[in-house]
S.K.: 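What follows is a single structure, and I will ask about it in a moment.
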Number of protein chains: 2
Amino acid sequence: MKYIEKLRKSGLRPTKQRLQICEVLFDTERTFHFTINDLVKKINEKLNHKISLATVYNTVHAFEKKGYLKQIPINSNQTYFDTNISDHHHFYDLKEEKLIDLENSDVGPINIFKKIDGKKIKSVEVLVKLED
Amino acid sequence: MKYIEKLRKSGLRPTKQRLQICEVLFDTERTFHFTINDLVKKINEKLNHKISLATVYNTVHAFEKKGYLKQIPINSNQTYFDTNISDHHHFYDLKEEKLIDLENSDVGPINIFKKIDGKKIKSVEVLVKLED
DNA sequence: TTACTACTTTATAATGATTCTAAAAAGGTG
DNA sequence: CACCTTTTTAGAATCATTATAAAGTAGTAA
C-alpha cells in the first residue's frame, strides 16, 4: 500500500480505517471538496461496512493537521474540506451552494501591505461569492 | 431616533428591540466583529433587561440580509459578523483566535480571471491567516 | 379611538454538527 | 507472545442555531 509509508512518516499508525479513508480521499483523478457527511457517504458506497463517525472525524482532523487536507473558510453549518492542498482559491455559488476551484493562475497575485508585529502570514485564502 | 427611518426604508418595522440592537451595533466610533454570543453580552451590559436570544438571531439575520452587517467567512464553531460593511478583508490570528481588519488600501487589487457562465461576482473576500 | 391584519417577539423545544468518554481493539516493539 | 501505546468505537454530551406557536405590537384605515 502506498499510503502506509505516508502515514508512518507523519507519525500516524497506518490502521485499516485510515488506509481506507486514504483510498476514498486520495485515489482519485481529481481533487474534491467534501463535508464529513459527504465523506461518510463515500465510504459507505466504497466499502461494505461502516467506519465509526468518530473515527472519520478523528481521521479527517489528523490528516488536516498533517497537511493532507485543507479546511475551506466558508460560512456554512458544516465544515468543508478540500483534498486539493495546493495554494488556490474558491468560487462559492450562493444559489447552488457549491464550491468551485479557482486555480492559482485564475487569480492575479495578491499583495498584503499591512504587517502585524511578531506574526507571519501562514496562508492567504480568497473566497469569491457568485450570484446569478 | 436616527434608526427609525433606516429600518423603515428597509421594510423592517422599527421595534423597540431592533432599535436597541441598532444602538449597540452602530452607535460606536469604530466598527467591530462579533458573534451572537458577544452581542448578547453587549446588550445585557448596555440595557437592564434582556432581549430574547431568538430575537437577537432574527435581528442579526434581518440586518445582514439588508446589508447592514456582513458575515465573515471563517471556520469557527460560531458565526462571525462585522459592522464594517465596506469592501475589506481580514487577518485571522490563529493563536489568539482574533480577527483584524485589513483596510482596502492594505491589500493590492485582486484580479479574478476565471468566469462562470451566467454568474456574477457578488463579493471577493480575503482571509489572511497569521501564525507566530 | 377602534378594529383589523400582518409582522415581531418570546420561551421553549428541536435539530444537527461536532466533541467527549471510556472501554474494547489493534498496532508496534522487544 | 507480552506489553504498552495508540486507535477505534458506540453512545452520550455539548452547543450554536433554527423551528414552533402563542402572545404582543406596529401600521392602517374607518
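Lettering follows sequence order; numbering is per chain, from 1. Here the structure is a predicted model, which means the values were calculated and not measured.
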S.K.: Relative to B:Tyr92, does B:Lys98 satisfy both conditions: NZ or CZ under 6.0 angstrom from the six-membered ring centre, and within 45 degrees of the ring's axis?
M.R.: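 No, B:Lys98 and B:Tyr92 do not form such a contact.
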S.K.: Given D:dG24, is OP1 or OP2 found less than 4.0 Å from the side-chain N or O atoms of B:Gln17?
M.R.: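 It does not, given that no N or O in the side chain of B:Gln17 lies less than 4.0 Å from OP1 or OP2 of D:dG24.
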S.K.: What is the separation between atom CG on A:Leu7 and atom P on C:dG27, rounded to the nearest whole Å?
M.R.: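 After rounding, the gap between these two atoms is 13 Å.
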S.K.: Taking atom P of D:dA19 as reference, at what distance in whole Å does atom CG of B:Leu53 sit?
M.R.: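 Interatomic distance, CG of B:Leu53 to P of D:dA19: 14 Å.
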S.K.: CD of B:Gln78 versus C1' of D:dT18: gap in Å, rounded?
M.R.: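 The answer, rounded to whole Å, is 16 Å.
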S.K.: Among the nucleotides D:dT25, C:dG28, C:dT12, which one has an atom lying closest to any side-chain atom of A:Arg13?
M.R.: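 From the listed options, C:dG28 comes nearest.
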S.K.: Which listed nucleotide (C:dG28, D:dA10, C:dT12) is nearest to the side chain of A:Pro14?
M.R.: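 Closest nucleotide among those given: C:dG28.
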S.K.: Rounded to the nearest Å, what distance is computed from the NE2 atom of residue B:His49 to the C1' atom of nucleotide C:dT9?
M.R.: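 Rounded to whole Å, this separation is 13 Å.
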S.K.: Please give, in whole Å, the distance from D:dG24 P to B:Ile51 CD1?
M.R.: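 Those two atoms, CD1 and P, are 18 Å apart.
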S.K.: With a 4.0 Å cut-off on heavy atoms, is B:Asn58 in touch with a base, just the backbone sugar-phosphate, or nothing at all?
M.R.: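 Base contact - B:Asn58 has a heavy atom under 4.0 Å of at least one base atom.
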S.K.: Side chains of A:His90 and A:Asp82: any donor to acceptor distance under 3.5 Å?
M.R.: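 Yes - a donor-acceptor pair under 3.5 Å links their side chains.
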S.K.: Give me the ring orientation class for A:Phe34 and A:Phe32: parallel if the planes are under 30° apart, tilted from 30 to 60°, perpendicular past 60°.
M.R.: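 Correct class here is tilted.
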S.K.: Without decimals, in angstroms, what is the distance between B:Ile74 CD1 and D:dA16 P?
M.R.: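 For the pair B:Ile74 CD1 and D:dA16 P, the rounded distance is 16 Å.
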S.K.: Is a side-chain donor-acceptor pair under 3.5 Å present for A:Gln78 with A:Ser76?
M.R.: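 On atom types as modelled, these side chains do not qualify, holding no pair under 3.5 Å.
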S.K.: In terms of side-chain heavy atoms, does A:Asn58 have a donor or acceptor partner in A:Thr55 at a distance below 3.5 Å?
M.R.: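 Their side chains do not contain a donor-acceptor pair, so the 3.5 Å distance test is not met.
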S.K.: What does B:Thr35 touch in the nucleic acid at a heavy-atom separation under 4.0 angstrom: a base, only the sugar-phosphate, or nothing?
M.R.: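 Counting heavy atoms under 4.0 Å across all strands, no contact is made by B:Thr35.
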S.K.: Between C:dT10 and B:Thr55, is there an OP1 or OP2 to side-chain N/O distance shorter than 4.0 Å?
M.R.: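 True: B:Thr55 side-chain N/O within range (under 4.0 Å) of C:dT10 OP1/OP2.
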S.K.: For D:dT18, does OP1 or OP2 lie under 4.0 Å from any side-chain N or O of B:His61?
M.R.: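 Indeed, a polar side-chain atom of B:His61 lies that close.
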S.K.: Does a nitrogen or oxygen in the side chain of A:Thr79 sit under 4.0 Å from OP1 or OP2 of C:dA17?
M.R.: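 A:Thr79 to C:dA17 OP1/OP2: no side-chain N or O under 4.0 Å.
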S.K.: Between C:dA24 atom P and A:Lys16 atom NZ, what is the distance in whole Å?
M.R.: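 Taking NZ of A:Lys16 and P of C:dA24, I get 19 Å after rounding.
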S.K.: Could you tell me whether the phosphate oxygens of D:dT17, OP1 or OP2, come under 4.0 Å of any side-chain nitrogen or oxygen in B:Tyr57?
M.R.: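 Affirmative; the distance criterion is met.
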S.K.: Picking from D:dG27, D:dT17, D:dT7, which would you name as closest to the side chain of A:Arg18?
M.R.: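 Among the listed nucleotides, the one closest to the side chain of A:Arg18 is D:dT7.
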S.K.: Rounded off to whole Å, could you give me the CG-to-P distance for the A:Asn77 and C:dG16 pair?
M.R.: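 For the pair A:Asn77 CG and C:dG16 P, the rounded distance is 10 Å.
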S.K.: Under 4.0 Å: is that the gap between some side-chain N or O of A:Lys50 and OP1 or OP2 of D:dA10?
M.R.: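 Yes, A:Lys50 has a side-chain N/O under 4.0 Å of OP1/OP2 on D:dA10.
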S.K.: Could you check B:Tyr80 against B:Arg8 and say which one's nearest nucleotide on DNA chain D is further toward the 5' end?
M.R.: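 Here B:Tyr80 is the residue nearer the 5' end.
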S.K.: Would you kindly say whether B:Tyr3 and B:Asp27 are connected by a side-chain donor-acceptor distance under 3.5 Å?
M.R.: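 B:Asp27 and B:Tyr3 do have a side-chain donor-acceptor pair below 3.5 Å.
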S.K.: Are any of A:Thr15's side-chain N or O atoms less than 4.0 Å away from OP1 or OP2 of D:dT6?
M.R.: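 The answer is no; no side-chain N or O of A:Thr15 sits under 4.0 Å from OP1 or OP2.
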